[in-house]
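Counting starts at 1 for both ligands and their atoms, following the listed order.
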Amino acid sequence: MKVTMSVIKADIGGYVGHSDTHPEMIARADEMLAKPKQDGLLIDYHVTKCGDDLQLIITHQKGVDNEEIHKLTWDIFIECTEIAKKLKLHGAGQDLLADAFSGNVRGMGPGVAEMEFDERGSEPVIVFMADKTSSGAWNMPLYKIFADPFNTIGLVIAENMHNGFAFEVHDVKESKKITFNTPEEIYDLLVFIGAPSRFMVKAIYHRDSGNIAAVSSTQRLALIAGRYVGKDDPVCIVRSQGEFPAVGEVLEPFASPILVEGWMRGSHMGPLMPVAVCDSTPTRFDGPPRVTAAGFQVSGGKLIGPRDMFADKSYDLARQQANEMADMMRSHGPFEPHRLPLEEMEYTTMPQVMKKLEGRFTDLE
Ligand code: F6R
Ligand code: MG
Ligand code: MG
């Protein structure tokens, strides 16, 4: 059977500051999805959070970019914004950049990752959710999962994966896309995805079958709004097992924390820490950035789960390393590479300071 999985999320108010999502919002979102499920619009749903982002994980049979599904999630975000306003949560409605729904939540602020697939005999799916970072944060993990044999031994020794995967990459500044075949084009691919603030892995396909393997949200809020309105805090859906990497291969990249952009005021680099959902509460210098992983067996479209994949003790060392990396980055204070390069910073006082000091700049000899 064909199933569509839609993961649609928004930060519509933080509790306290930008550190968490209020339980009342999660409860209301849950309530609002019960009726559409009863009525058959949805097969199933799970509401969760990653830091200050409300996450709606939905299965249905309407295909991607479906107006009814998108409208439903938009209405939930609007309704939960009312709760945020009532409780005076921080930044109520911050990700809702449009006044009224117009057919699709894409480009309206919420982050969206959706895929339609033919459900297999066993369909394990991992939904990754991150807070205090941007969509490019998935580039390195996705590369490791689907193209690096040092991470995914299946690429070498599993016959059904040996022909590799195709990476669809988006240039979010120029609004262009290109597809690279791995393994033969990995050097070309890395030229682009190694610059994750501009080039982002949008989707990955199994080359032999053409089946979709992964999809990520690539919305850049700042590019949509034309100003800083909060970080993208991206999501990503990855299918696993069989012709796709095993669950352990899908999770393995997160055992070695990497530096990503988006910490404090969207303007700092910091380590991406894998955590259980209950620990997705970035409070140290509004961080460090977090990633959670909800694992499901999809059965007739029903979401069997979630299992909180990073609750496993085997990520304790990664968390410890991330904390040490956080200390090291913090010791740079307002200096790069902790602070982002000027052109990547989400907001800066540079224009005002420049203006004030205009007359004091003189030419070099
Ligand atoms: C980072 C983030 C926070 C805020 C910071 C200032 O992605 O969300 O670090 O940028 O707390 O928040 P405002 O401007 O809402 O006071
Ligand atoms: Mg926030
Ligand atoms: Mg957030």
Worksheet item: Closest N/O/S atom of Asp52 to the Mg ion (ligand 2), by atom name?
Response: OD2
Fill in: Mutual orientation of the aromatic rings belonging to Trp138 and Phe128 [parallel < 30°, tilted 30-60°, perpendicular > 60°]
tilted
Worksheet item: Does the ring centre of His90 sit less than 6.0 Å away from the ring centre of Tyr15?
Response: no
Worksheet item: Hey, which atoms in ligand 1 end up nearer than 4.0 Å to a heavy atom of Met264?
Response: 9 (O)
Worksheet item: Numbering the atoms of ligand 1 from 1, which are under 4.0 Å from a heavy atom of Gly262?
Response: 1 (C), 7 (O)
Worksheet entry | Residue pair Lys62, Glu114: steps toward the salt bridge (Lys or Arg N to Asp or Glu O under 4.0 Å) verdict | CA-CA 11 Å; Lys62 300 272 176 189; Glu114 289 183 295; over 6 Å; no
Worksheet item: Between Arg284 and Asp327, is there a salt bridge with N-O shorter than 4.0 Å?
Response: yes
Worksheet entry | Geometric class of the Phe285/His338 ring pair [parallel <30°, tilted 30-60°, perpendicular >60°] | tilted
Practice prompt. Of all N, O or S atoms in His18, identify the one at the shortest distance from the Mg ion (ligand 2).
Written response: ND1
Worksheet item: How are the rings of Phe101 and Trp74 set relative to one another: parallel (under 30°), tilted (30 to 60°) or perpendicular (over 60°)?
Response: tilted
Discussion item. Can you tell me which N/O/S atom of Asp131 has the shortest distance to the Mg ion (ligand 3)?
Written reply: OD1
Discussion item. Does ligand 1 come near enough to Asp286 that some N or O of the ligand is less than 3.5 Å from an N or O of the residue?
Written reply: yes
Worksheet, complete the sentence: For the Mg ion (ligand 3), the nearest N/O/S atom on Asp233 is atom OD2
Worksheet entry | Heavy atom of Gly91, distance to ligand 1 below 4.0 Å | no
Discussion item. When you compare ligand 1 with Asp52, is there at least one nitrogen or oxygen pair between them that comes in under 3.5 angstrom?
Written reply: no
Item to complete: Using only N, O or S atoms, tell me which atom of Asp53 is closest to the Mg ion (ligand 3).
Response: OD2
Worksheet item: So which of the N, O or S atoms of Asp11 lies nearest the Mg ion (ligand 2)?
Response: OD2
Item to complete: Measure the distances from the heavy atoms of Gln94 to every atom of ligand 1 and state whether one is below 4.0 angstrom.
Response: no
Worksheet entry | NZ/NE/NH1/NH2 to OD/OE distance under 4.0 Å, Arg290 and Asp279 | no
